[in-house]
Amino acid sequence: MAPTTPRRHRSWSDACSRTTLDFVNGARAEVSQQAYRPGHRFGNRVLTGLVQGVFGREFRDMLSGYKVMSRRFVKSFPAMSSGFETETELVVHALELRMPAAEVTTAYQERPAGSVSKLRTYRDGARILYLILRLMKDERPLQFFGALSVALLLAALVLVAPVIVTFVETGLVPRLPTAVLSLGIVILSVLTFFTGIVLDLTTRTRQELKRLLYLSVARQLDVR
């Protein structure tokens with residue numbers, strides 16, 4: 001990632017230290033066509049769009065490495081990830097705790113000649129996608145297990161549809177194992193949905209405790 005100017009970094013730090021903001025994200029605006037490697041712009045939009053759809057649309061460039069955090073943010077952040085997934089976890093953490101945050105536009109240029117990026121497009125993209133799904137399961141269990149429940153129910157309907165048609169036409173059930181399998185999948189779908197309900201109640205309590213812990217950390221204002 002091409003560096004920004006120290007003056008811009010200082011202005012972002014001032015935004016956190018002199019205001020009530022706890023998180024500032026830099027949205028990259030490329031100044032040349034070579035700023036992004038092939039496929040990175042598309043991957044960034046897809047992954048950012050997925051997070052926007054699940055957790056909120058406050059940030060346009062989730063994978064930007066230009067981020068400034070307050071002391072209160074740092075004290076409340078568990079830092080469970082390593083590598084390029086950290087940017088995603090930072091953004092979701094800010095959204096989940098409803099922190100005062102802002103996004104500013106910053107110039108993004110191609111890498112200096114001779115430098116090499118550590119980002120591996122497909123491997124790191126898959127790891128970020130896996131993290132988003134895991135965060136969705138942990139922070140939005142009703143949506144996650146609800147979607148899984150609907151998928152199981154649709155699979156059961158697809159399997160049992162020919163059995164129902166045959167029964168209506170002949171009055172017989174020649175594919176009894178398929179009917180039993182479909183019934184089992186329906187039961188699993190119902191159990192999955194109620195699992196999401198129970199976990200959602202638990203998650204809400206955990207999120208309230210996390211926010212109380214976050215709010216208990218005093219802001220350290222810059223008094224210069």
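- Annotation for F193: atom CZ does not count as buried by contact number, only 12 or fewer foreign heavy atoms lying within 6.0 Å.
- At least one donor-acceptor pair closer than 3.5 Å links the side chain of S64 to the backbone N or O of G26.
- Proximity of a side-chain donor or acceptor of Q52 to a complementary backbone N or O of F59 within less than 3.5 Å is detected.
- In this structure, M99 and L21 have side chains that are not in contact, with every pair of non-hydrogen atoms separated by 4.5 Å or more.
- Remark: E58 does not engage R98 in a salt bridge, criterion side-chain N to carboxylate O under 4.0 Å.
- Summarising the geometry of G56 relative to L95, their closest heavy-atom pair is O-CD1, 4.1 Å, with the distance given to 0.1 Å.
- Side-chain contact check for R28 versus Y66: some heavy-atom pair is nearer than 4.5 Å.
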Checking R206 against T202 for the side-chain contact (heavy atoms from CB on, under 4.5 Å) test, could you report, in this order, the C-alpha distance in whole Å, the side-chain angles of both residues, the deciding distance, and whether it holds? CA-CA 6 Å; R206 177 171 54 82; T202 304; 5.6 Å; no

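- Partners of F144 by side chain to side chain contact (heavy atoms under 4.5 Å, CB included), not counting sequence neighbours, listed by chain and number: M136, K137.
- Rounded to the nearest 0.5 angstrom, L50 CG and T88 OG1 are separated by 9.5 Å.
- Ionic pairing of R134 and E85 is not present here: no N-O contact between side-chain nitrogen and carboxylate oxygen is shorter than 4.0 angstrom.
- Contact annotation: the side chain of F77 never approaches that of M69 to less than 4.5 Å [non-hydrogen atoms, C-beta and beyond].
- Note that CD of Q207 is 4.5 Å distant from CD of E96, once rounded to the nearest 0.5 Å.
- Judged by distance alone, the side chain of T166 and the main-chain N or O of P162 form a donor-acceptor pair under 3.5 Å.
- A heavy-atom distance below 4.5 Å is found between the side chains of L97 and S76.
- For R204, the side chain to side chain donor-acceptor pair (under 3.5 Å) criterion is met by D200, not counting sequence neighbours.
- By the 30° and 60° cut-offs, the orientation of the rings of H93 relative to F73 is perpendicular.
- Put simply, the side chain of L47 reaches to within 4.5 Å of the side chain of L63, judged on heavy atoms.
- Between the E103 side chain and the R60 main chain, a donor and an acceptor come within less than 3.5 Å of each other.
- For the atom pair CG of L212 and CG of L209, the computed distance is 6.5 Å after rounding to the nearest 0.5 Å.
- Atoms CG and CG, on L183 and L188 in that order, are 11.5 Å from each other to the nearest 0.5 Å.
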Going through the checks in order, is the side-chain contact (heavy atoms from CB on, under 4.5 Å) test met by T192 and L152? CA-CA 9 Å; T192 300; L152 289 171; 3.8 Å; yes

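- When the side chains of ILVMFWY residues are joined at heavy-atom separations under 4.5 Å, either directly or via intervening members, L129 and L131 end up in a single hydrophobic cluster.
- With rounding to the nearest 0.5 angstrom, the CG atom of L135 is 10.5 Å from the OH atom of Y130.
- Considering only heavy atoms from C-beta on, L142 comes within 4.5 Å of I197 through its side chain.
- In terms of the side chain to side chain donor-acceptor pair (under 3.5 Å) criterion, residue partners of E89 (sequence neighbours excluded) are, by chain and number, S81.
- Residue V158 is not grouped with residue L181 when hydrophobic side chains (ILVMFWY) are merged at heavy-atom distances under 4.5 angstrom, including chains of intermediate members.
- For S149 (side chain) and F145 (main-chain N/O), no donor-acceptor pair under 3.5 Å exists by modelled atom type.
- In this structure, L172 is not a member of the same hydrophobic cluster as V165, with clusters built from ILVMFWY side-chain heavy atoms closer than 4.5 Å.
- Put simply, the side chain of V91 does not reach to within 4.5 Å of the side chain of T48, judged on heavy atoms.
- Side-chain contact, N44 with D61: a donor N or O sits under 3.5 Å from an acceptor N or O.
- Atoms CG and CG, from L133 and D138 in turn, are 11.0 Å apart once rounded to the nearest 0.5 Å.
- Minimum heavy-atom separation, E139 to T203: O-CG2, 3.8 Å.
- Cluster annotation: L215 and V74 are assigned to the same hydrophobic cluster (Ile/Leu/Val/Met/Phe/Trp/Tyr, side-chain heavy-atom contacts under 4.5 Å, transitive).
- A side chain to side chain contact (heavy atoms under 4.5 Å, CB included) with V92 holds for exactly one of I132, V51, V54; it is V51.
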